Amino acid sequence: MVEKHEKHYEDTELYRLRHSTAHVLAQAVMEMFPDETQIAIGPPIKDGFYYDFDLPRSLTPEDLRKLEKRMRQIIAGHHEFVRTFTTVKEAQKQFSDQKYKLEIIQDLFLRYENATTEQPEISFYTHDTFTDLCRGPHLEHTGQINPSGLKLLSVAGAYWRGDESNTMLQRIYGTAWSSADDLKGYLWKLEEAKKRDHRKLGAQLQLFHFSADVGSGLPMFTPKGETVRHLMESYVRDLQTRYGYKHVWTGHLVKEDLYKKSGHYQNYRAAMFPPMIDENITFRLKPMNCPSHMTLFKEMGRHSYRELPLRFAEFATLYRYEKSGELTGLTRVRSLTQDDAHIFCAPTQIESEFGLALQLIQDVLRRYHFSNYRVRLSLRGDGDKYLQDDEKWQRAESALRSALDASGITYYSETGEAAFYGPKADFMAQDVLGREWQLSTIQVDFIQPARLGLTYIGEDGQEHTPVVLHRAVTGSTERFLGVLIEHYDGAFPVWLAPVQAVIIPITDRHLDYCQKLHNNLQAHGLRTEIDTSNDRMNAKIRKAQSQRIPFMLIAGDREQQSNHISVRLRSGEELKSQTLEQFLALTQEAMASGK
RNA sequence: GCCCUCGUAGCUCAGGUGGCAGAGCACACCCUUGGUAAGGGUGAGGUCAUGGGUUCAAAUCCCAUCGAGGGCUCCA
């Protein structure tokens, strides 16, 4: 299928509403700090808007309340948004005391001067006492903003133009909707996301911990957490084996020189842990696998075209030096386990290999209940972060495009999102709350194999450079687990649940019977526990429910006498009395279906 | 890394204008032996993140460090 373009947010009513609300906020802020407010930019964003200010002091939550109140007054004034066109000179005069606006005007001027002979089109939007340099579009008047559909959410620091060498501004985030109900719905979603936060659930379900003693961004997994990790990894490992992948292992340390050859050192150094120096050899903790896999390919001797495609996969723990302020739970860590693969193939095999990788990814996403996802073709943008070799970039891009087209999948493209060595197809999956995560990726690389001197002998008896497809399915085990916890709200499907069934004796005299059940179920490969606490049954059920355990097996006199178990599902449904065989069949079915 | 907010028992959080450290849950023990989401009692548990400063006196005020959270172009 061909490339798809989506309707632009810029053309929607909500976009105008939020843009206009941002202007109203700016007015309120300027009134709060007359003559001391420097305004920067204030665009609409997904679900809301922000506006950046340079202010004499830090804003407090109390300030936000006051600003919101003042905004409602301004809205009630039904002030018209009036657009006026002007020249660079006039704009500079109007904003003579606004240094950020002057910078923007200067940029607009330069951009046009370089591009065309036309005059830059500069416009103002004015409402009430406030005028902003702005291209719009806006609502007709402030009265069109629903005062009960807006809320200021937070203050955060933000560098002018996102550049850390610039001034730190104060950014006010807000949200605006056309109705109070929409606002309520949005706030509910935020609440729900908070409840499902994997950091919170991870502690509640006892899956993982961080410790200041070990270091930030370095998660440790409990027995339960490691059970889930192991299940996730062996699932993909088995699937990969069936898809013809070979698993390899390449360790944790690599000589820095290798990364100079591959190009990672130049492009990636800031994200590597500092070097370890042993006399005259400098090592780095491995931040990615590609150079190691490619080196392994080389060391394995001469390769014939008959061996290709050769698919190397590894669950490798990598170390990346993320900035301290960027660490977040399991989604942004310093040690991560990538389910990485590199497929060495001939250029003619790209399409079929891409198709195979795509199929594998679709299997995996389905298994994890991600039914909505879209594919982004990530292309090179401007800038020096990409390895320079136009010919190879072009070949890679057209190979990827035709592979995508041949696969029949719908995709959209975005420039500036490529890896530094080649274009990517990224899989953006939506979770149950509609949030989008970049999970899987397939990348086409003509550059690194050449830089590292990989070859194979072709049919013609000559040396050729193989193409390498980089491929990750779940990305990193840690991050994917974090996403899964939120996607499932902690209720893992039966095949993935660290504890699949908890056996609940009604009284202590049923413990022996429970032990027998436990042994039997374990012998059938089920992960079960007995709740031997002296809580009463109700409390044990409550505990199991809050742990999201799929099956609760209640055993009392009746069950013991009839050699049955009473089964309760975490949905609250009671299946009552079952034989062990019936229950085992039930679990088999649940695991096979992935539910 | 930078800005803002925060750090009190294993967890969730009170307290705090400077004057004896608090609750619920979890944990241990005892009673209770129960039929599908919390039975009752008793007890143990804290260098109030760490280090320094101000003070007669610091969990409380100040500084630093460590850690956590919200952010750091979705470009007028």
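Lettering of chains follows the sequences in order, A, B, ..., and the numbering in each one begins at 1. Remember, predicted model here, so these are calculated numbers, not experimental data.
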Rounded C1' spacing from rG19(B) to rA59(B) in Å:
13 Å
Indicate, with yes or no, if the rings of Tyr51(A) and Phe53(A) have centres closer together than 6.0 Å.
yes
Counting distance alone, no hydrogens or angles: does the base of rG71(B) have a donor or acceptor under 3.5 Å from a partner atom on the side chain of Gln170(A)?
no
With a non-hydrogen cut-off below 4.0 angstrom, is Ile41(A) in contact with a base, only sugar-phosphate, or nothing?
sugar-phosphate
With sugar-phosphate meaning primed atoms plus P, OP1 and OP2, does Arg509(A) contact a base, only sugar-phosphate, or nothing at under 4.0 Å between heavy atoms?
sugar-phosphate
When you check the side-chain N and O atoms of Gln170(A) and Ser58(A), is any donor under 3.5 Å from an acceptor?
no
Give me the distance, rounded to whole Å, that separates rU17(B) from rC25(B) when you measure between the P atoms they each carry.
29 Å
Secondary structure of RNA chain B per the Watson-Crick/G-U criterion (both distances under 3.5 Å; [ ] crossing, | other strand, . unpaired) is (((((((..((((.....[..)))).(((((.......))))).....(((((..]....))))))))))))....
Rounded distance in Å between the P positions of rA57(B) and rA14(B):
30 Å
Hey, which of these two, Leu59(A) or Tyr50(A), hits RNA chain B nearer its 5' end, going by closest nucleotide?
Leu59(A)
Quiz item: cation-pi between Arg171(A) and Tyr50(A), 6.0 Å / 45°
yes
Which letters describe nucleotides 61-70 of chain B, given B = protein heavy atom under 4.0 Å from base, S = only from sugar-phosphate, - = neither?
------SSSB
How far does the P atom of rC61(B) sit from the matching atom of rA37(B), given to the nearest Å?
46 Å
Under 4.0 Å, heavy atoms only, any strand: does Glu559(A) hit a base, just the sugar-phosphate, or nothing?
base
Need one value for Glu326(A): base, sugar-phosphate or nothing, where a base atom within 4.0 Å counts as base even if backbone is also close, heavy atoms only.
base
